[in-house]
2 protein chains.
Amino acid sequence: MESDVSANSRLTIAAHALTWIGLYQRRGHEVATSEQIATSVNTNPVVIRRLLAKLSKAGLADSRRGAGAGWMLARDLAAITLLDVYQAIEPGPVFALHRATPDPECVVGHGIGPAMTAVYDDVEAALRRELAKTTLEDVLRDVLKAA
Amino acid sequence: MESDVSANSRLTIAAHALTWIGLYQRRGHEVATSEQIATSVNTNPVVIRRLLAKLSKAGLADSRRGAGAGWMLARDLAAITLLDVYQAIEPGPVFALHRATPDPECVVGHGIGPAMTAVYDDVEAALRRELAKTTLEDVLRDVLKAA
DNA sequence: TGCAGTTGTAACAACTATCGTTACGACTAG
DNA sequence: CTAGTCGTAACGATAGTTGTTACAACTGCA
């Protein structure tokens with residue numbers, strides 16, 4: 001069975017980064033650098049900057065440039081849900097239709113697209129509903145409870 | 001914005017193939033060949049055989065070899081949900097944790113894994129619940145209604 | 001028995017996405 | 001001005017998916 005290495009770890013990394021910034025700020029610091037975050041996540045600072053750039057465009061984080069620069073939250077942890085994060089970094093849907101248009105002469109080929117789209121819409125809605133239930137404040141609480 | 005070509009179209013193709021077999025059988029034929037199915041799906045027969053091989057292992061389809069060979073359903077369309085199909089072809093989870101272990105010395109790095117796992121478990125459960133609501137009989141009904 | 005048609009599966013190329021990395025310009029506090 | 005950091009381009013390595021060719025295995029039927 002394949003190990004599916006390509007599964008999305010972006011949501012995990014993004015939640016990790018934002019939670020780290022939030023905790024760091026609560027401990028009295030103004031900004032967190034991509035290098036500090038990368039150390040906790042165990043990856044390269046550029047990976048963090050790339051991800052935070054998307055979160056910044058979505059209005060979840062802000063950056064300060066120049067010396068003494070770094071990242072801060074644009075909203076409180078309690079005001080950011082995992083759905084907010086998901087939407088900021090995952091543009092595509094979970095399920096896709098055919099790459100090549102199926103045979104329109106065939107009854108199934110003609111009608112399968114709309115039929116599956118209806119199902120996929122419901123699935124995506126359920127997924128979003130579930131992600132919206134958890135805020136980064138909840139995540140931080142779980143993290144601190146585990147310590 | 002990325003076009004995300006890598007999104008899963010497998011579930012669509014698998015549902016298409018099984019529905020096609022089901023309809024073909026209801027019209028009086030015993031078996032359907034991978035070439036016939038591939039024509040409707042607009043892809044290569046080997047792609048269909050690869051997919052049906054997995055569905056066969058999961059007990060959703062059966063194949064007959066030799067001359068006059070082909071594929072048939074192992075259960076009625078009404079007894080196959082999209083969750084059955086999904087589980088047969090998608091081994092991995094939708095969301096993954098970090099590829100590289102995060103810093104265990106860091107509070108966040110240490111506790112983020114379990115925290116996100118709890119969320120992901122709920123999300124996957126919701127996704128499965130939603131997929132289980134629809135049978136291939138429902139899909140076929142929608143398909144025929146659209147015609 | 002032999003032939004024809006189909007499955008089962010390996011192998012390969014093309015394409016795409018992701019990730020880690022290096023590099024460097026832009027920016028700004030001190 | 002200088003040092004430190006962001007923002008982003010570019011590149012190679014890795015891996016997943018799809019389409020394709022090829023061929024052995026199998027079996028109904030003449």
Side-chain angles (χ1 to χ4, degrees), chain A residues 1-14 17 21 29-39 41-57 61-72 89-102, chain B residues 1-14 16-17 21 29-39 41-57 61-72 89-100 102:
Chain A
M1 196 133 300
E2 303 91 338
S3 51
D4 212 344
V5 182
S6 81
N8 277 330
S9 62
R10 279 194 296 265
L11 183 55
T12 303
I13 308 294
I21 298 173
H29 303 88
E30 288 232 351
V31 297
T33 69
S34 61
E35 177 140 17
Q36 292 173 313
I37 302 167
T39 298
V41 174
N42 190 15
T43 185
N44 192 287
V46 176
V47 174
I48 299 299
R49 293 207 288 271
R50 273 200 289 239
L51 205 46
L52 285 176
K54 288 185 186 176
L55 296 171
S56 171
K57 277 173 193 157
D62 274 324
S63 66
R64 192 186 287 171
R65 307 190 62 172
W71 296 88
M72 67 196 83
I89 60 178
E90 301 286 353
V94 176
F95 297 110
L97 296 184
H98 313 64
R99 329 195 132 190
T101 310
Chain B
M1 194 134 302
E2 302 91 338
S3 51
D4 212 344
V5 182
S6 80
N8 277 330
S9 62
R10 278 192 297 266
L11 183 54
T12 303
I13 308 294
H16 185 154
I21 298 172
H29 303 88
E30 288 232 351
V31 297
T33 69
S34 61
E35 178 141 14
Q36 293 172 314
I37 302 167
T39 298
V41 174
N42 190 14
T43 184
N44 192 288
V46 175
V47 174
I48 299 299
R49 293 207 287 270
R50 274 201 292 240
L51 204 48
L52 286 176
K54 289 185 184 174
L55 296 170
S56 171
K57 278 174 192 155
D62 274 324
S63 66
R64 192 186 288 171
R65 306 190 62 172
W71 296 87
M72 66 198 82
I89 60 178
E90 301 286 352
V94 177
F95 296 110
L97 296 183
H98 312 65
R99 324 195 138 191

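Both backbone and side-chain heavy atoms feed into the values below; hydrogens, waters and symmetry mates do not. What you see is a predicted model; the values in this text were computed from it and never measured. Naming convention: chains lettered A, B, ... in sequence-line order (proteins, then strands); numbering from 1 in each chain.
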Exercise. Are the side chain of B:Asn42 and the backbone N or O of A:Thr101 linked by a donor-acceptor pair below 3.5 Å?
Worked result: yes

Problem set entry | Atom of B:Ala14, atom of B:Ile89 and distance for their closest heavy-atom approach | CB-CD1, 3.9 Å

Exercise. Choosing from C:dT18, D:dT17, D:dT20, which nucleotide comes nearest the side chain of B:Asn8?
Worked result: D:dT17

Exercise. Roughly how many Å is it from CD in A:Glu35 to C1' in D:dG7, rounded to a whole number?
Worked result: 16 Å

For this session: Could you work out which one of D:dT18, D:dC6, C:dT28 sits closest to the side chain of A:Ala69?
Result: D:dC6

Exercise. Counting only N and O atoms by type, is there a donor-acceptor contact under 3.5 Å from the side chain of B:Ser9 to the main-chain atoms of A:Ala96?
Worked result: no

For this session: Rounded off to whole Å, could you give me the CG-to-P distance for the A:Asn44 and D:dC6 pair?
Result: 12 Å

Problem set entry | side-chain hydrogen bond (donor to acceptor under 3.5 Å, both in side chains) against B:Arg50, all qualifying residues, sequence neighbours excluded | none

Seminar exercise, completed: Rounded to whole Å, the CD1-C1' distance (A:Ile13 to C:dC19) equals 11 Å

Problem set entry | Nearest-Å distance for atom pair CD1/P, residues B:Ile48 and C:dT7 | 11 Å

Exercise. Among all residues two or more places apart in sequence or in another chain, which pass the side-chain hydrogen bond (donor to acceptor under 3.5 Å, both in side chains) test with B:Arg65?
Worked result: none

Grab the N/O contacts between the protein and nucleotides 23-26 of chain C below 3.5 Å, and write none if there aren't any.
unit_1, atom_1, unit_2, atom_2, d
C:dG25, N2, A:Arg65, NH2, 3.2
C:dA26, N3, A:Arg65, NH2, 3.1

Exercise. Would you say B:Asn8's side chain and B:Arg10's backbone share a donor-acceptor pair under 3.5 angstrom?
Worked result: no

Exercise. For C:dT6, does OP1 or OP2 lie under 4.0 Å from any side-chain N or O of B:Ser34?
Worked result: no

Exercise. If you measure from CD1 on A:Ile13 to CG on A:Leu52, what distance do you get to the nearest 0.5 Å?
Worked result: 11.0 Å

Exercise. What residues, two or more places apart in sequence or in another chain, satisfy side-chain contact (heavy atoms from CB on, under 4.5 Å) together with A:Ser63?
Worked result: A:Trp71

Problem set entry | Contact nearer the 5' end of DNA chain C, comparing A:Val47 with A:Arg64 | A:Val47

For this session: Report yes if the side chains of B:Glu30 and B:Met72 come closer than 4.5 Å at any heavy-atom pair, otherwise no.
Result: no

Exercise. Contact class for B:Gly68 (heavy atom, under 4.0 Å): base, sugar-phosphate, or nothing?
Worked result: nothing

Exercise. Taking only side-chain nitrogens and oxygens of A:Arg10, does any of them come within less than 4.0 Å of OP1 or OP2 of C:dT18?
Worked result: yes

Exercise. What nucleotide, of C:dT21, C:dA4, D:dG7, holds the atom closest to the side chain of B:Ala67?
Worked result: C:dA4

Exercise. What distance separates B:His16 NE2 from A:His98 NE2, expressed to the nearest 0.5 Å?
Worked result: 5.0 Å

Exercise. What is the distance from CD of B:Glu30 to P of C:dT7, rounded to the nearest Å?
Worked result: 15 Å

For this session: First locate atom CD of B:Glu35, then atom CD1 of B:Ile48, and finally report the distance between them rounded to the nearest 0.5 Å.
Result: 11.0 Å

Seminar exercise, completed: Taken to the nearest whole Å, CZ/B:Arg99 to P/C:dA17 is 15 Å

Exercise. Is A:Thr33 near enough to D:dG4 that one of its side-chain N or O atoms lies under 4.0 angstrom from OP1 or OP2?
Worked result: no

For this session: Could you please name the option among D:dT18, D:dG28, C:dC19 that lies closest to any side-chain atom of A:Ser9?
Result: C:dC19

Exercise. Can you list the residues that meet the side-chain contact (heavy atoms from CB on, under 4.5 Å) rule with A:Thr39, with sequence neighbours excluded?
Worked result: B:Asp103

Exercise. Nearest heavy-atom pair of B:Gln36 and B:Val31: which atoms, and what distance?
Worked result: OE1-O, 4.4 Å

Problem set entry | Relative orientation of the end axes in the helix from C:dT1-D:dA30 to C:dG30-D:dC1, expressed as an angle to the nearest 10° (five pairs per end) | 10°

Exercise. Between A:Met72 (CE) and D:dC6 (P), how many Å, whole number?
Worked result: 11 Å

Expected rows: protein N/O vs nucleotides 12-15 of chain C N/O, under 3.5 Å:
none

Problem set entry | Distance below 4.0 Å between B:Ser63 side-chain N/O and C:dT7 OP1 or OP2 | no

Problem set entry | Rounded distance in Å - CH2 (B:Trp71) to C1' (C:dT6) | 11 Å

